[in-house]
2 protein chains.
Amino acid sequence: MKKEYKSEAEFLKDYNPKDFEQLSMTADILLISISDEETNNYRKTNDKMMSILLVKRDDYPFKGKWCLPGGFLNPVGETLEECAKRVLKKETNLQDIYLEQLYTFDNPKRDPRTRVVSTSYMALVDKNKLTDMINENACWFDVVLLEDNKKEVEVTLSNGIDTIHLKIKKVLREKTTDRYDFISENNNEIAFDHDLVIVAGLERLRNKLNYTDIVFNMMPKYFTLGELQKVYEVILNKKLLDPAFRRIIAGKVEKTNKMKTGEGHRPSALFKYKG
Amino acid sequence: MKKEYKSEAEFLKDYNPKDFEQLSMTADILLISISDEETNNYRKTNDKMMSILLVKRDDYPFKGKWCLPGGFLNPVGETLEECAKRVLKKETNLQDIYLEQLYTFDNPKRDPRTRVVSTSYMALVDKNKLTDMINENACWFDVVLLEDNKKEVEVTLSNGIDTIHLKIKKVLREKTTDRYDFISENNNEIAFDHDLVIVAGLERLRNKLNYTDIVFNMMPKYFTLGELQKVYEVILNKKLLDPAFRRIIAGKVEKTNKMKTGEGHRPSALFKYKG
DNA sequence: GTTAGATATTAACAAAATATTAATAAGAGG
DNA sequence: CCTCTTATTAATATTTTGTTAATATCTAAC
């Protein structure tokens, strides 16, 4: 029989959340940076690449597998974003960097322990600004986008020692907005459903590049237009034409009186983000 | 002392989620439609408007307040989207309509009972397609966007009897992507933090209008270009020029041999979504 | 009937944005 | 000083978008 309450306060005094089935939540972070030969200890090319931070699990479940940094939400007073920041600080000592909520993943089978819903965050940083050492179980992996069409996405992650190959099938879900359901075809190459988080994050970054200034979160203070263009090209995975690129970017940056020399060709002007 | 496990299976056998603090989750749905005089029982104008579905709470907390349809996630096997669909079916008997995850709201104080994290979904529908009656505690509210600048958003919701005035302060959070934190300035005009969900949803819809065909989810099968243009104008909250609009939309629709007459002016051709 | 009012539809032109090609600039390194 | 490489910009073609205005065809009022 339902008890009749006379006020919100009276109702709340009686309420016990343990009367209901509950669950756990985590916040996972996709930390993306641009790497080049200076910040890369195994490649000998001059190419820029995207790289993401992975952590090796030293406990069950998925013991020994790589995964995104993440951790359980403390339900007593902590927000998911605070949780994400706490984890990020622990792994990289980074604070005050660009962070945005990406998506909430909730496949009931995504965690073998119990029902765990995960809200993922995307964070962008310029790796070179990382002065402190990152946690010893964490490592940067270069990202190579092998394939990205309407049927599938294929990504290879590599740190020079380990190589992780991710393959995700796309199933058209909604024609009007060209949305797809992503179905992992990986057999525990990476822990949990973090392959889906990575793919969703790379796509979000690619989209935001076109209509925001998000890119400057992963640039150093001073950069040449050539460097900036390479970053765009790496993220978009295609060549851009110089004059077109310069027109688009012109209003966002301002020329400094510094120059970058010693590169074996005509020196280029250094720019900085205007704003 | 930490126990040493030899396999994933052995570890899982010992794992008890109740050893940790847990929480509850809900899925909330922002159902948006376009209303006009035919589907509106109190306005006598010919204008199209956006309208959203609200539900009156008949239990504590927030007893008697309006809120978005939503419900608790069943942690045993139900996904958040399944939960959203279940609630939507209960309130409107609608199935198979456009649904997309909007954002996860997790302010620890958003629910006075206990820690409840809510993942919100946006759903679009053409109200006229609703053949079944909606639940008796549910009601369509017309949406009037009074103000939307870099400092604040103001929205009025009205069903002819009740009027709900929402005011939300914006605080710039991130310059590069022009993102804002939304701070509710409402004193329980609407239950929970559903004012934030509404504002986030309206903004998402406005953005998606520009680069997707999302609008056709709220259109009838056959429509005139004038009607379609009005829907754009209502959502974007501004006038559009005819030839420009027609050029943009031309590739997305196809002319049928039907005409719409009886409107007191030159008849217009009926179009349908191509795809 | 005739005319006014309303929106539909398209033509025509102007302006702005974008794409493309190619010319010129200037340090590094032989 | 010659070649390589990338930087930078000029010049032009093409496409897209903005604007104005002309014409079409219905309903309703007179």
Side-chain angles (χ1 to χ4, degrees), chain A residues 34 36-38 44-48 209-213 215 219-220 222-234 236-274, chain B residues 34 36-38 44-49 207 209-213 215 219-220 222-234 236-274:
Chain A
I34 298 293
D36 48 51
E37 55 175 351
E38 293 154 49
K44 289 291 156 268
T45 79
N46 205 358
D47 290 343
K48 284 188 192 300
L209 210 58
N210 292 319
Y211 62 95
T212 70
D213 298 350
V215 69
M219 296 301 292
Y222 299 105
F223 47 84
T224 71
L225 293 184
E227 286 165 355
L228 183 59
Q229 185 173 341
K230 283 241 175 62
V231 172
Y232 268 80
E233 290 173 346
V234 164
L236 298 174
N237 203 28
K238 67 175 180 193
K239 275 266 161 214
L240 302 175
L241 290 165
D242 296 7
F245 178 75
R246 274 154 194 266
R247 250 194 320 256
I248 290 162
I249 220 70
K252 300 181 176 180
V253 296
E254 74 188 29
K255 208 173 195 165
T256 67
N257 51 16
K258 301 181 184 16
M259 299 290 279
K260 180 163 188 174
T261 56
E263 297 288 303
H265 54 75
R266 174 175 171 180
S268 38
L270 285 165
F271 287 75
K272 64 178 186 182
Y273 177 49
K274 186 202 284 178
Chain B
I34 298 294
D36 49 50
E37 55 175 352
E38 293 154 49
K44 289 291 156 268
T45 79
N46 205 357
D47 290 343
K48 283 189 192 300
M49 301 190 85
N207 282 334
L209 209 57
N210 292 318
Y211 62 95
T212 70
D213 299 349
V215 69
M219 296 301 291
Y222 299 104
F223 48 83
T224 71
L225 292 184
E227 286 164 355
L228 183 59
Q229 185 173 340
K230 283 242 175 61
V231 172
Y232 267 81
E233 290 174 345
V234 164
L236 297 175
N237 202 28
K238 67 176 181 193
K239 275 266 160 215
L240 301 176
L241 291 166
D242 295 9
F245 177 75
R246 274 154 193 267
R247 256 193 311 252
I248 289 162
I249 220 69
K252 300 182 176 180
V253 297
E254 76 187 28
K255 208 174 194 163
T256 67
N257 50 14
K258 302 182 184 15
M259 298 291 279
K260 180 166 190 173
T261 56
E263 296 288 304
H265 53 76
R266 173 175 174 181
S268 37
L270 285 165
F271 288 75
K272 65 178 185 180
Y273 177 49
K274 186 200 285 178

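Computed from a prediction, not measured in an experiment: that's the story for all the values here. First the proteins, then the strands, lettered A, B, ... as listed; each starts at 1.
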Q: Could you list the residues that satisfy side-chain contact (heavy atoms from CB on, under 4.5 Å) with A:Pro243, not counting sequence neighbours?
A: A:Leu241
**Q.** B/S/- contact track for nucleotides 9-15 of chain C, protein heavy atom under 4.0 Å
**A.** BBB----
**Q.** 5' priority, DNA chain C, between A:His265 and A:Ala244 [closest heavy atom]
**A.** A:Ala244
(Q) Using the side-chain contact (heavy atoms from CB on, under 4.5 Å) criterion, which residues pair with B:Lys238? Sequence neighbours excluded. (A) B:Leu236, B:Leu240
Q: Kindly indicate whether the side chain of B:Phe223, heavy atoms from C-beta on, has any atom under 4.5 Å from the side chain of B:Val231.
A: no
Q | Beyond-backbone contact of A:Lys258 with A:Tyr222, side-chain heavy atoms, under 4.5 angstrom | A | yes
Q: Quick one: list whatever passes ring-ring contact (aromatic ring centres under 6.0 Å, His included) with A:Phe271, sequence neighbours left out.
A: none
Q: Kindly write out the residues that satisfy side chain to side chain donor-acceptor pair (under 3.5 Å) with B:Gln229, not counting sequence neighbours, or none if the list is empty.
A: B:Glu233, B:Asp242
Q: For A:Lys252, enumerate each residue passing the side chain to side chain donor-acceptor pair (under 3.5 Å) test, keeping only those at least two apart in sequence or located in another chain.
A: A:Asp213
Q | Nucleotide C:dA28, atom P - distance to NZ of A:Lys260 in whole Å | A | 13 Å
(Q) Just the rounded figure in Å: distance from P of C:dT18 to CG of A:Leu240. (A) 14 Å
Q.
Between B:Glu227 and A:Thr261, which residue's closest nucleotide on DNA chain C lies nearer the 5′ terminus?
A. B:Glu227
Q: Let me know the distance between CD1 of A:Ile249 and P of C:dA19, rounded to the nearest Å.
A: 14 Å
Q) Looking at residues at least two apart in the chain, or sitting in another chain, which of them share a side-chain contact (heavy atoms from CB on, under 4.5 Å) with A:Thr224? A) A:Glu227, A:Lys260, A:Ser268, A:Leu270
Q: On DNA chain D, reading 5' to 3', which nucleotide is the first and which the last to sit with an atom under 4.0 Å from a heavy atom of chain A, could you check?
A: D:dT5 to D:dA10
